[in-house]
2 protein chains.
Amino acid sequence: MLFPCTRGRKSSREKILDAAAELVGEIGAGRLTLEAVAEKAGLSKGGLLYNFPTKDALLQAMIQRMIDQVASEKEALREKAQPGPNLEARVVTKTLLNICCGGKMQDMATGMMAATAENPRLLDPVRQVIHTTLEQLKATSDDLDAALLAWLATEGLSSLEMHNLSPFSDEDRDRIVKAIERLVTKGIAE
Amino acid sequence: MLFPCTRGRKSSREKILDAAAELVGEIGAGRLTLEAVAEKAGLSKGGLLYNFPTKDALLQAMIQRMIDQVASEKEALREKAQPGPNLEARVVTKTLLNICCGGKMQDMATGMMAATAENPRLLDPVRQVIHTTLEQLKATSDDLDAALLAWLATEGLSSLEMHNLSPFSDEDRDRIVKAIERLVTKGIAE
DNA sequence: GTCTATATCAAGATAGAC
DNA sequence: GTCTATCTTGATATAGAC
């Protein structure tokens, strides 16, 4: 996804995407209205619609930004990754745990939910990413079972956190993250 | 959730809930309209609103029915479960794999998505169930790490399938289910 | 590039007939 | 208990001024 070179301070585009992501978390995906987004971004409805001609365009951009963020986090982690077994799986799980679940970047969640609600086909690019991830895991894992389970457990945790359904305390979560690491390096017991 | 004793053929209520669940899968949660539900259920909008005075009431009933289905499937499986380690975790994962992911009962998914989109607070009862599940796992698991990971992996798979994001073939899925079973009985390797 | 104003439309909900 | 209007609201999108 290309867009004009906007060095310096945040472009309207970015401000709008930020506002939209926050809003979904606050009021729910189904209640995301262009007017509310415009207000939160400090813009009028007309100004918003100059940047994103339709609501679908806005949602699509939210999804794409999320995908790009995940991809770049993944690249960064791949640089620093220790060699060893199930490398790809370790990178994938750590990426998800860093971006989606843990931090402030719950845009991921919210963007996806908004898109799903509005138009399931907007998730097609995500489908593509997930498909590719599976291919890579299959091609490179030393212990595929452990790799898949670690990946799925991460997706599970991330999914619960997305929907604000996570029952885990900080200590619980810490324990889980460590267990996932252990699983992906040591495998399932005989 | 109590409702009138309606032996014999399906009550309007049930037909409406079925229709709503199917519709969400077909057209997306955000496009679930009362009119569409009414039509699919073979009713008019007025007739629908007699049974469920508001859209929230309809969504709430969808959620509750889903919770009840999961609970009763869980009870059934608990009866038949083999004694052994991590029993609760085995019951929980098998329940999820049977109900949510595998079969025809994708109501679960769809109901949840519709509710999330419309009003995140409608998921409160689900939050309660998940919280209780965690408590039970903590109280009864022989190997809590393995129990939690198996549960989360199941949630992850179920979440992908919910959103139609699963990249797994039937063989893949079979392999994963077996791996989850192995994890929950054998644990993580040392 | 952003604003105001407005057209258009569809959705949820109500009232009252049958 | 279900139907057919009808009301009301609010959301997307357009047109054209600044």
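Lettering of chains follows the sequences in order, A, B, ..., and the numbering in each one begins at 1. The model shown is predicted, which means the values in this text are computed figures rather than measured ones.
For B:Ala57, the side-chain contact (heavy atoms from CB on, under 4.5 Å) criterion is met by B:Phe52, B:Pro53, B:Thr54, not counting sequence neighbours. With sequence neighbours left out, B:Lys55 forms a salt bridge (Lys or Arg N to Asp or Glu O under 4.0 Å) with B:Glu118. Applying the side-chain contact (heavy atoms from CB on, under 4.5 Å) criterion to B:Ala189, with sequence neighbours excluded, gives A:Lys186.
Pairs of residues two or more places apart, or lying in two chains, that qualify as side chain to side chain donor-acceptor pair (under 3.5 Å) and include a residue from residues 36-48 of chain B are B:Glu26-B:Lys40.
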I'd like to compare against my own output: the B/S/- annotation of nucleotides 11-18 of chain D with a strict under-4.0 Å heavy-atom distance to protein. SBBB----

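The CD1-C1' distance, from B:Ile27 to C:dA11, rounds to 13 Å in whole Å. In this structure, the CD atom of B:Glu39 is 12 Å from the P atom of D:dT4, given to the nearest Å.
B:Arg175 is listed as a side-chain neighbour of A:Leu144, based on a closest heavy-atom distance under 4.5 Å.
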Indicate every side-chain donor-acceptor pair of residues 176-184 of chain B with a distance under 3.5 Å to a residue at least two apart or in another chain.
from, atom 1, to, atom 2, distance (Å)
B:Lys178, NZ, B:Asp174, OD2, 2.9
B:Arg182, NH2, A:Asp145, OD2, 3.1

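Contact between the side-chain N/O atoms of A:Ser12 and the OP1/OP2 oxygens of C:dT2 is found at a separation under 4.0 Å. The shortest distance between the side-chain N/O atoms of A:Tyr50 and the OP1/OP2 oxygens of C:dG1 is below 4.0 Å.
B:Leu43 comes within contact range of the sugar-phosphate backbone alone, with a heavy-atom separation under 4.0 Å but no base atom that close.
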